[in-house]
Amino acid sequence: MKIYITTPIYYINAEPHIGHVYTTISADTLARFYRMSGYDVFFLTGTDEHGQKIYEAAKIQNITIKELVDRNSGIYKKLWDTLNISYTRFIRTTEPEHEETVKKVFTKLLEKGALYKGNYEGYYCIPCESYAIPEDENNPLCPDCKRPMSKISEPSYFFRMSKYAKQLERYIEENDFVKPDFRKNEVLNFIRDGLYDVSITRKNVEWGISSPTSENYTIYVWFDALINYLSGIGYLQNDNLFSKYWPPDVQFIGKDIIRFHHIIWPCLLLALDLPLPKVIFAHGWWTSGKDKISKSKGNIVSPQKIIEEYGLDPLRYFLLREVPFGLDGEYSEEGFKKRYNSDLVNDLGNLVNRTVNLVETKMAGIIGNEAPEITLANFAISVFEEYEKKMKAIAFSEALEEIWKFISFLNRFLDEKAPWREGCKNVAEILNSTIFGIRVATIMLTPFIPDASLRIWKMLGFDGDPGMEGFKLLNQKLPEGIKVNKREIIFPRKK
RNA sequence: GGCGGGGUAGCUCAGUGGCAGAGCAGCCGGCUCAUACCCGGUAUGCCGGGGGUUCAAGUCCCCCCCUCGCUACCA
């Protein structure tokens with residue numbers, strides 16, 4: 001069983017922010033979940049490095065383009081290392097293999113008659129370097145930057161997208177391709193209003209892949225960028241790899257790039273006679289003080305700062321727990337701290353700490369391997385079933401809620417059994433069962449908070465790594481004669 | 001303007017025509033192995049407004065108000 005997961009490739013002209021981090025952590029968590037489920041996972045991410053803005057930026061900074069793209073791409077790559085992102089491949093659009101694939105795709109589409117030469121007439125925003133349709137033709141302003149646009153006319157290759165509208169409409173109607181569900185109608189309406197052909201080359205862009213034609217055109221960046229999902233697994237280059245993983249099972253995107261991914265991208269694949277992705281999931285935005293987080297609004301949320309203060313896993317946890325995946329979320333320091341203290345410190349951290357403490361004081365640190373108490377064991381099974389269902393539906397916050405139901409159960413279990421009480425008969429059974437429960441919770445938490453989970457795992461005295469061994473560990477009884485390690489506070493209380 | 005969501009407790013939201021709910025926050029008390037977890041008790045609502053159907057309406061129908069998306073080349 002294979003699964004192919006992608007993130008967008010990130011445009012290196014911008015500094016990575018919480019939105020990039022959110023998409024990538026989401027994809028990573030799903031990738032880890034499927035790996036633990038025994039799937040053969042290919043997880044692709046990378047950077048988008050072409051376009052006029054990159055060219056200008058290098059000029060302004062007085063460095064070569066190569067220096068600029070290497071440096072900025074490196075910033076992303078390094079950040080993903082910091083965030084524990086388990087990508088299979090980090091693709092860069094400036095790699096020769098990618099550039100070659102883009103040209104091959106262009107040629108293939110041309111041969112199939114999916115591209116034709118035409119003339120682009122419309123409005124152009126010089127500062128944005130983009131074609132756009134202004135709201136008011138009498139006073140054409142850029143929909144993006146609100147500055148005046150000029151009317152231009154230039155030859156261009158067009159992609160015959162209109163031809164695939166009906167086919168795409170049917171695919172969307174009949175499949176769970178557009179996620180979340182409430183986006184489905186938006187996309188269908190858009191298609192039903194009629195699709196235009198889209199221009200895919202530019203005349204005046206100096207930094208990009210040149211078209212494999214006699215004229216000197218540059219392939220427009222979005223076209224170049226979308227092809228990464230193909231070139232990343234060897235399309236037209238490595239047939240074994242490609243046929244093994246194609247089509248994508250889950251593609252993560254932000255809601256701002258739905259158009260490209262739910263319309264243009266599948267049309268492109270239809271033109272190439274390739275099977276369409278199973279799911280493209282558009283997540284929401286993080287806001288702060290009700291505004292979209294952006295540099296210009298000055299309400300930047302720095303992932304690095306959060307990590308310095310709380311650690312990586314609390315950030316991963318917060319992003320996926322706080323908001324139902326797909327909706328917008330409000331970020332605030334107070335909200336973060338509340339989640340942290342309430343869920344990670346009070347519920348999970350305290351459970352682990354009190355249990356290990358009891359094992360130390362009541363059982364000299366040794367855990368037995370008798371079968372766990374029956375209601376606990378049954379609850380563990382039903383929680384995992386729900387968890388698995390939620391994860392497969394990419395409902396991260398709900399999956400975490402399931403885990404927390406179980407963590408609450410374990411805290412209650414301890415309280416009701418009260419193994420610290422004088423004359424408590426079955427201390428060993430109670431504590432072994434609780435440890436068994438924490439072990440189950442830790443395994444389920446691993447895709448979300450791999451580092452903290454492993455630390456808990458080690459503290460309980462278990463060998464190996466649940467991230468490597470996967471969910472099959474759930475069916476095993478506890479190893480014999482395990483001794484817990486020294487107690488450590490995994491999530492220190494804040495303020 | 002067109003299409004589609006929402007409007008229910010302080011906050012986030014669940015709610016199949018049949019006694020208005022959960023989580024978090026609050027208050028009172030208990031328990032206490034622990035990074036104060038758990039238990040018991042308690043408060044809080046014109047369920048956006050108006051009309052209708054019904055023995056019975058957050059729930060179904062009609063009208064209105066407010067709000068948020070989408071309405072093509074922003075990676």
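Every chain is numbered from 1 and lettered A, B, ... according to where its sequence line falls, protein lines coming before strand lines.
Looking at which nucleotide of RNA chain B each of A:R183 and A:F190 is closest to, the 5′-most match is held by A:R183. Projected onto RNA chain B by closest heavy-atom contact, A:D48 and A:E416 fall at different nucleotides, the more 5' of which corresponds to A:E416.
Put simply, CD1 on A:I456 is 13 Å from C1' on B:U35, counting in whole angstrom units. The distance between atom CG of A:L400 and atom C1' of B:C24, rounded to the nearest whole Å, is 16 Å. Rounding to whole angstrom units, CE of residue A:M161 and C1' of B:C73 are separated by 8 Å. Rounded to a whole Å, the CD1 atom of A:I191 is 16 Å from the P atom of B:C70. The distance between atom NZ of A:K337 and atom P of B:C11, rounded to the nearest whole Å, is 22 Å. Following rounding to the nearest Å, A:K255 (NZ) and B:G4 (P) show an atom-to-atom distance of 20 Å. Between the OH atom of A:Y164 and the C1' atom of B:A72 there is a distance of 19 Å, given to the nearest Å. Between A:K405 atom NZ and B:A14 atom C1' there is a gap of 12 Å when expressed in whole angstrom units.
A distance of about 40 Å separates the C1' atoms of B:C27 and B:G69, rounded to the whole Å. With both ends at atom P, the span from B:G48 to B:A43 equals 23 Å, rounded to whole Å. A distance of about 7 Å separates the C1' atoms of B:C61 and B:U53, rounded to the whole Å. To the nearest whole angstrom, the two P atoms, one in B:G58 and one in B:G40, are 30 Å apart. Nucleotides B:C47 and B:C66 have their C1' atoms positioned 16 Å apart, rounded to a whole Å. Spacing between B:U12 and B:G50 at atom P, rounded to whole Å, works out to 24 Å. If you take atom P in B:A9 and the same atom in B:C65, they sit 23 Å apart, rounded to whole Å. The same atom, C1', is picked in B:A14 and in B:C24; the two are 14 Å apart, to the nearest Å.
For A:E173, the side-chain hydrogen bond (donor to acceptor under 3.5 Å, both in side chains) criterion is met by A:R192, not counting sequence neighbours.
Nearest heavy atom pair, residue A:Y157 against residue A:T213, reads OH-CG2, 3.5 Å. Across all non-hydrogen atoms, the minimal contact from A:E333 to A:Y331 is N-CE2, 3.9 Å.
Comparing B:C39, B:A72, B:C73 by their nearest atom to the side chain of A:R412 picks out B:C39. Side-chain atoms of A:V198 lie closest to B:A72 of the nucleotides B:U35, B:U71, B:A72. Distances from the side chain of A:E186 to the nucleotides B:A72, B:C70, B:A36 place B:C70 closest. Distances from the side chain of A:R493 to the nucleotides B:U35, B:A72, B:C73 place B:U35 closest. Among the nucleotides B:C73, B:C37, B:U35, the one closest to any side-chain atom of A:I489 is B:U35.
Contact annotation for A:G194: base contact, defined as any heavy-atom pair under 4.0 Å involving a base atom. Nucleic acid contact for A:L226: base, since at least one base atom lies under 4.0 Å from a heavy atom of the residue. Within 4.0 Å (heavy atoms only), A:I490 reaches at least one base atom of the nucleic acid. As judged by a 4.0 angstrom heavy-atom cut-off over every strand, A:I253 is placed among residues making no nucleic acid contact. Within the nucleic acid shown, A:K338 comes within 4.0 Å of sugar-phosphate atoms alone, with no base atom in reach, counting heavy atoms only.
The six-membered or imidazole ring of A:H283 lies near that of A:Y22, with a centre-to-centre distance under 6.0 Å.
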Fill in: Derivation of the salt bridge (charged side-chain N to carboxylate O under 4.0 Å, His left out) call for A:K163 and A:D197
CA-CA 8 Å; A:K163 189 177 159 190; A:D197 294 344; over 6 Å; no
Q: List the steps and the verdict of salt bridge (charged side-chain N to carboxylate O under 4.0 Å, His left out) for A:E95 and A:R89.
A: CA-CA 13 Å; A:E95 289 168 13; A:R89 178 170 177 198; 2.6 Å; yes
inquiry  = Under the criterion salt bridge (charged side-chain N to carboxylate O under 4.0 Å, His left out), I'd like the reasoning laid out for A:D181 against A:R183: C-alpha separation, chi angles, the key distance, then a yes or no.
reply    = CA-CA 5 Å; A:D181 294 328; A:R183 297 283 176 202; over 6 Å; no
_Checking A:Y55 against A:Q52 for the side-chain contact (heavy atoms from CB on, under 4.5 Å) test, could you report, in this order, the C-alpha distance in whole Å, the side-chain angles of both residues, the deciding distance, and whether it holds?_
CA-CA 5 Å; A:Y55 179 87; A:Q52 193 65 13; 3.7 Å; yes
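Ionic pairing of A:E154 and A:K203 is not present here: no N-O contact between side-chain nitrogen and carboxylate oxygen is shorter than 4.0 angstrom. A:K255 has a carboxylate O that lies under 4.0 Å from a charged side-chain N of A:D328, or vice versa, which qualifies the two as a salt bridge.
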Set out, line by line, the N/O atom pairs under 3.5 Å between protein and nucleotides 32-34 of chain B.
| from | atom 1 | to | atom 2 | distance (Å) |
| --- | --- | --- | --- | --- |
| B:C33 | O2' | A:N357 | ND2 | 2.3 |
| B:C33 | N3 | A:R354 | NE | 3.2 |
| B:C33 | N3 | A:R354 | NH2 | 2.6 |
| B:C33 | N4 | A:R354 | NH2 | 2.4 |
| B:C33 | N4 | A:D415 | OD1 | 3.0 |
| B:A34 | O3' | A:N353 | ND2 | 3.1 |
| B:A34 | O2' | A:N350 | OD1 | 2.6 |
| B:A34 | O2' | A:N353 | ND2 | 3.0 |
| B:A34 | N1 | A:R354 | NH2 | 3.3 |
| B:A34 | N3 | A:N350 | ND2 | 3.2 |
| B:A34 | N3 | A:R354 | NE | 3.1 |

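At a threshold of 4.5 Å between non-hydrogen side-chain atoms, the residues A:D313 and A:R455 do not count as touching.
Here A:F182 does not count as stacked on B:G5, because the ring centres are not under 5.5 angstrom apart with planes under 30°.
Look at B:G58: its glycosidic torsion is within 90° of 0, and that puts it in the syn range.
Screening A:Y10, A:Y87, A:F252 for a side chain to side chain contact (heavy atoms under 4.5 Å, CB included) with A:T24, the sole residue that qualifies is A:Y10.
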Applying the Watson-Crick and G-U criteria (both distances under 3.5 angstrom) with [ ] for crossing and | for other-strand pairs, one obtains for RNA chain B ((((((((.[[[[.)..(..]]]].(((((.......))))).....[[[[[..)....]]]]])))))))....
